[in-house]
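Taking it in order: structure first as structure tokens, then the write-up.
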Amino acid sequence: QVQLVESGGGLVQAGGSLRLSCAASGLSMFAYSAMGWYRQPPGKEREFVATITWKGDITYYRDSVKGRFTISRDNALNLVYLQMDDLKPEDTAVYYCAAPGSIATTAQMMGVMRHVGSWGQGTQVTVSS
């Protein structure tokens, strides 16, 4: 059974930085699985933030976070990270780590929610103005 545990959320002022971590367990092929981050702003639907290939060589981002957020991974430790810089109040949301439903799912496919097989419990990020 796949378990994803996020950490690193909190309250930060606009312009600040946070680094989210996702520890994956029970995912035997983690090192060969694309992974991703989603977020759900208050009162809105969950949305794609960033995804990364199993090698970590290709990444995808939603337009509003490009140049500010960086997704990375450590396959030896089964960890996925989201470095968030120059945070804005509109980045306020619950952030979720996402694992694919199939090892065949690419990082690009992970940007579409129906391809996500497992979710973490989420971590709150609040950016004050």
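Because the structure is predicted, anything quoted here is derived from the model rather than measured.
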Q) Are the side chain of Glu6 and the backbone of Gly122 linked by a donor-acceptor contact shorter than 3.5 Å? A) yes

Q) If you measure from OG1 on Thr106 to CE on Met109, what distance do you get to the nearest 0.5 Å? A) 5.0 Å

Q: Check Ile52, Thr59, Asn78 against Arg73 for a side-chain contact (heavy atoms from CB on, under 4.5 Å) and give me the one that passes.
A: Ile52

Q | Heavy-atom closest pair, residues Val2 and Ala99 | A | CG1-CB, 4.5 Å

**Q.** Heavy-atom donor-acceptor pair, Tyr38 side chain to Met113 backbone, under 3.5 Å
**A.** yes

(Q) Distance to the ring centre below 6.0 angstrom and angle to the axis at most 45 degrees; does that hold for Arg46 and Trp119? (A) yes

Q.
Tell me every residue that passes salt bridge (charged side-chain N to carboxylate O under 4.0 Å, His left out) with Arg39, counting only those two or more places apart in sequence or in another chain.
A. Glu47, Asp91

Q. Under 4.5 Å between side-chain heavy atoms, hopping through other hydrophobics if needed: is there a path connecting Met35 to Tyr60?
A. no

Q: Drop me the distance from Leu4's CG to Ser118's OG, to the nearest 0.5 angstrom.
A: 6.0 Å

(Q) Can you list everything that forms a side-chain hydrogen bond (donor to acceptor under 3.5 Å, both in side chains) with Lys55? Sequence neighbours excluded, please. (A) none

(Q) Main chain of Leu11, side chain of Thr126: is a donor-acceptor contact present, judged purely on distance under 3.5 Å? (A) no

Q | Steps toward side-chain contact (heavy atoms from CB on, under 4.5 Å) verdict (Asp85, Leu18) | A | CA-CA 7 Å; Asp85 298 318; Leu18 283 174; over 6 Å; no

Q) Looking at Ala93 and Pro42, what are the two nearest heavy atoms and their distance? A) CA-CD, 4.4 Å

Q.
Please find the pair of heavy atoms, one from Arg68 and one from Leu87, that lie closest to each other, and give the distance.
A. NH1-CA, 3.9 Å

Q: Starting at OG of Ser7, measure out to OH of Tyr81 and round the result to the nearest 0.5 Å.
A: 9.0 Å

Q | With Asp86 via salt bridge (charged side-chain N to carboxylate O under 4.0 Å, His left out) - residues at least two apart | A | Lys88

**Q.** Point-to-point distance, once rounded to the nearest 0.5 Å, from OG of Ser21 to CD of Gln83
**A.** 9.5 Å

(Q) Looking at Ile58, is its backbone amide N or carbonyl O close enough to the side chain of Thr53 to form a donor-acceptor pair, meaning the two atoms are under 3.5 Å apart? (A) yes

Q.
Quick check: do Tyr96 and Val49 have side-chain heavy atoms less than 4.5 Å from each other?
A. no

Q. Any donor and acceptor pair, going by atom type alone, linking the side chain of Tyr61 with main-chain N or O of Ile71 inside 3.5 Å?
A. yes

Q) What distance do Phe30 atom CZ and Leu79 atom CG have between them, rounded to the nearest 0.5 Å? A) 7.0 Å

(Q) Between Phe48 and Tyr95, is there shared hydrophobic-cluster membership here, with clusters defined by ILVMFWY side-chain heavy atoms closer than 4.5 Å? (A) no

(Q) For Ala14 versus Pro89, what's the shortest heavy-atom pair and its separation? (A) CB-CD, 4.1 Å

(Q) Please give me the minimum heavy-atom distance between Ala31 and Asn75, naming the atom from each residue. (A) O-ND2, 3.5 Å

Q. Is a side-chain donor or acceptor of Thr92 paired with a backbone partner of Val127 at a separation under 3.5 angstrom?
A. yes

Q. Once you round to the nearest 0.5 Å, how far does CE of Met84 lie from OG of Ser17?
A. 8.5 Å

(Q) To check you understand the geometry: which heavy-atom pair defines the closest contact between Ala34 and Thr105, and what is its length? (A) CB-O, 3.8 Å

Q) Considering only heavy atoms from C-beta outward, does the side chain of Cys97 approach that of Trp37 to under 4.5 Å? A) yes

Q: On the 0 to 90° scale, with breaks at 30° and 60°, tag the Trp54-Tyr32 ring pair as parallel, tilted or perpendicular.
A: tilted

Q. Got Thr70 and Leu82 here, is their nearest side-chain heavy-atom distance under 4.5 Å?
A. no

